[in-house]
There are 2 protein chains.
Amino acid sequence: MPDSAIRPRKEFGKTIAADITHRLREEIVTCGLAPGEPLRFDVLRERFGASFTTLREALTALAAEGLVDAQEQRGFRVAPVSRQDLVEVTDARVLIEVELMRRAIQKGDDDWEIAVISTLHRLKRIEQRDPEHPLRDPEWKIAHRQFHQALVSACGSATLLAIRAELFDRAERYRLLSANFRPRPRDKAGEHQAIMQAAISRNADLAVQLIETHIRTTADNVAKYAGHLLDPE
Amino acid sequence: MPDSAIRPRKEFGKTIAADITHRLREEIVTCGLAPGEPLRFDVLRERFGASFTTLREALTALAAEGLVDAQEQRGFRVAPVSRQDLVEVTDARVLIEVELMRRAIQKGDDDWEIAVISTLHRLKRIEQRDPEHPLRDPEWKIAHRQFHQALVSACGSATLLAIRAELFDRAERYRLLSANFRPRPRDKAGEHQAIMQAAISRNADLAVQLIETHIRTTADNVAKYAGHLLDPE
DNA sequence: CCCAGACATATTTTCGAAAATCATACCGTT
DNA sequence: AACGGTATGATTTTCGAAAATATGTCTGGG
């Protein structure tokens with residue numbers, strides 16, 4: 001693998017800009033960069049080792065995704081969080097994810113079923129390994145994302161999947177924001193199992209209801225345990 | 001107004017990049033730049049009078065909106081059109097616009113009613129002035145966009161409004177694509193009037209049904225009259 | 001004649017300096 | 001002391017050259 005020697009910086013994507021976009025998104029979603037924090041070019045330049053222009057391109061892309069707030073002539077900052085935004089993201093997610101769940105259940109073929117089952121399996125394995133603090137574990141995070149992605153992947157609309165992915169990231173930032181203050185993560189394993197079974201058995205109404213509850217419960221917990229971070233000052 | 005002398009280029013927004021983004025979006029939506037057309041920097045540089053970097057930032061933003069297709073290391077091109085994409089955009093629009101219509105009807109206050117009525121009024125005036133070919137008239141286009149925007153503006157979700165706006169632009173490109181081949185624009189005036197009345201009288205079910213028909217009929221006409229442009233080669 | 005490899009050209013991507021803009025502190029006036 | 005304007009420093013934004021990458025052409029071997 002000569003690549004890692006030739007292009008050590010580009011873990012993701014071919015261009016540096018795409019790579020920086022990816023890394024910045026990660027940092028913002030995991031709250032490594034705090035909500036509302038100003039993103040000054042000097043600092044970013046040092047942290048990511050890229051030039052003004054390249055960083056600017058990455059920030060512009062993230063601004064379009066809603067993770068970064070662009071203030072013309074006054075730079076960029078991490079998109080702030082708020083109760084209102086959390087409610088909007090949650091509502092939008094329910095609206096879209098419910099629709100995609102129905103479509104996926106209707107259209108899903110064998111490969112879809114296999115993807116749903118196997119991604120849930122991997123998620124469970126990771127949870128078994130360390131049942132204490134899964135929410136912050138990067139591996140759990142990836143597996144969790146992939147399971148939810150797999151559930152709706154067969155919906156047939158790349159357009160809606162892209163929108164869903166953006167909203168998922170924005171919601172995940174809230175989850176991770178509240179993770180530090182949550183006394184104990186609730187039993188998501190059971191919920192995921194139930195959703196998978198409803199989906200595979202093509203029980204659309206049940207799956208949809210479970211998904212909606214899943215999303216709203218998570219959001220409620222964020223509001224409950226990170227409420228002090230959601231209001232101005 | 002000394003501004004026009006000081007900053008002759010920046011009609012929209014404060015930064016050149018934002019201005020170029022706006023102008024490029026306009027050109028793409030109106031099909032001044034054809035779907036699939038490669039966007040080479042030399043050409044853009046001459047046409048918009050901005051540097052590589054600034055153009056790159058604009059293209060990145062438009063790529064996130066789905067109007068431009070970014071091929072890493074191989075430049076950008078205007079997002080191609082296809083039957084599949086038209087169907088996806090139409091379905092997504094129906095899903096979201098219907099939901100927003102309901103919310104706006106539920107939440108809309110006096111200002112909302114006034115905005116709906118006045119934007120429709122302006123639209124009608126423009127149609128009366130030139131009842132022949134309104135679809136390509138830039139003024140009609142703006143008024144039409146503002147009427148539909150006003151209808152859902154009271155929904156209470158900036159997040160969903162932003163998504164809606166993106167989808168509206170993508171759909172408008174298809175409308176303008178087919179405008180040249182359409183024998184005669186159908187009577188949209190009546191439809192708009194009916195939608196307005198249903199909305200103002202808070203008849204959500206009717207308004208929603210009219211909106212859905214409005215969107216789908218438009219998309220069907222695009223497929224009908226511009227079908228030859230939607231299939232590969 | 002067709003294909004693989006190497007060279008040359010075209011195009012994109014990245015960089016850091018330079019210009020433009022904004023924020024802050026300072027100063028003189030009322 | 002309060003205010004308005006101005007100079008100064010900090011930060012963003014823009015630019016075109018330079019590096020990196022892709023594309024096209026040509027040549028030689030099969």
Side-chain angles (χ1 to χ4, degrees), chain A residues 1-24 28 33-34 36-64 67-80, chain B residues 1-24 28 33-34 36-64 67-80:
Chain A
M1 55 194 71
D3 269 25
S4 65
I6 296 171
R7 321 182 305 225
R9 292 271 184 62
K10 305 177 192 177
E11 307 277 323
F12 177 88
K14 286 186 185 176
T15 67
I16 294 182
D19 183 48
I20 302 273
T21 305
H22 187 247
R23 287 163 59 192
L24 254 173
I28 293 173
L33 293 165
E37 184 175 341
L39 296 166
R40 294 217 190 74
F41 283 99
D42 298 342
V43 181
L44 297 176
R45 207 140 161 281
E46 196 165 341
R47 191 191 301 221
F48 293 98
S51 72
F52 298 103
T53 313
T54 307
L55 288 166
R56 177 158 257 276
E57 185 182 333
L59 289 170
T60 303
L62 292 172
L67 289 175
V68 157
D69 192 22
Q71 307 162 289
E72 289 193 343
Q73 307 282 27
R74 300 202 294 150
F76 298 83
R77 60 174 179 165
V78 180
Chain B
M1 55 191 73
D3 269 25
S4 65
I6 295 170
R7 318 182 309 225
R9 291 270 185 63
K10 304 177 192 175
E11 307 278 322
F12 177 89
K14 286 186 186 176
T15 68
I16 295 182
D19 183 47
I20 302 274
T21 304
H22 187 247
R23 286 165 57 194
L24 254 173
I28 292 173
L33 293 164
E37 184 175 342
L39 296 166
R40 295 216 189 75
F41 283 99
D42 298 343
V43 181
L44 297 177
R45 206 141 159 280
E46 196 166 341
R47 189 187 308 217
F48 292 99
S51 73
F52 298 104
T53 313
T54 307
L55 288 166
R56 178 159 258 274
E57 186 182 332
L59 290 170
T60 302
L62 292 171
L67 288 175
V68 157
D69 192 21
Q71 307 162 291
E72 290 192 343
Q73 307 282 26
R74 300 202 293 151
F76 299 81
R77 59 173 178 165
V78 179

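Letters A, B, ... are given to chains in the order of the sequence lines, protein chains preceding strands, and every chain is numbered from 1. Worth saying up front: this structure is predicted, and the values here are computed from it rather than measured.
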Check your understanding: Reckon R45(A) has a side-chain N or O less than 4.0 Å from the OP1 or OP2 of dG16(C)?
Key -> yes

**Study point:** Side-chain heavy atoms of L55(A) within contact of L39(A), under 4.5 Å
**Key:** no

Practice item. Would you indicate which nucleotide in dT23(D), dT14(D), dT14(C) comes nearest to any side-chain atom of R74(B)? Key: dT23(D)

**Study point:** Closest to the R56(B) side chain, choosing from dT13(C), dC15(D), dT21(C)
**Key:** dT13(C)

Study note, to complete from the structure: To the nearest angstrom, the CZ-C1' distance between F41(B) and dT13(C) comes to 8 Å

**Study point:** Distance, rounded to the nearest Å, where Q73(A) contributes CD and dA10(D) contributes C1'
**Key:** 15 Å

Check your understanding: Whole-Å distance between dA17(C) C1' and D42(A) CG?
Key -> 14 Å

**Study point:** A17(B) backbone acceptor or donor facing E57(B) side chain under 3.5 Å
**Key:** no

Exercise for review: When you get a sec, tell me which of dC15(D), dT13(C), dT14(C) is the closest nucleotide to the side chain of T54(A)?
Suggested key: dT14(C)

Exercise for review: Name the closest nucleotide to the F52(B) side chain, picking from dT13(D), dG16(D), dA22(D).
Suggested key: dG16(D)

Practice item. Looking at every strand, decide which applies to L59(A) at a 4.0 Å heavy-atom threshold: base, sugar-phosphate, or nothing. Key: nothing

Review point. Counting only side-chain N and O atoms of T53(A), is one of them less than 4.0 Å from OP1 or OP2 of dT13(C)?
Key: no

Check your understanding: To the side chain of K14(A), which of dC22(C), dG16(D), dA22(D) is closest?
Key -> dA22(D)

Review point. Atom CD of Q71(B) and atom NZ of K14(A): how far apart are they, to the nearest 0.5 Å?
Key: 10.5 Å

Review point. So what does F76(B) touch, heavy atoms closer than 4.0 Å: a base, only the sugar-phosphate, or nothing?
Key: sugar-phosphate

Check your understanding: Counting any heavy atom closer than 4.0 Å, what does L44(B) reach on the DNA or RNA strands: base, sugar-phosphate only, or nothing?
Key -> nothing

Exercise for review: Take atom CD1 of I16(B) and atom C1' of dA18(C), then tell me their distance rounded to the nearest Å.
Suggested key: 14 Å

Check your understanding: Has R45(A) got its NZ or CZ under 6.0 Å from the middle of the six-membered ring of F52(A), at an angle within 45 degrees of the ring axis?
Key -> yes

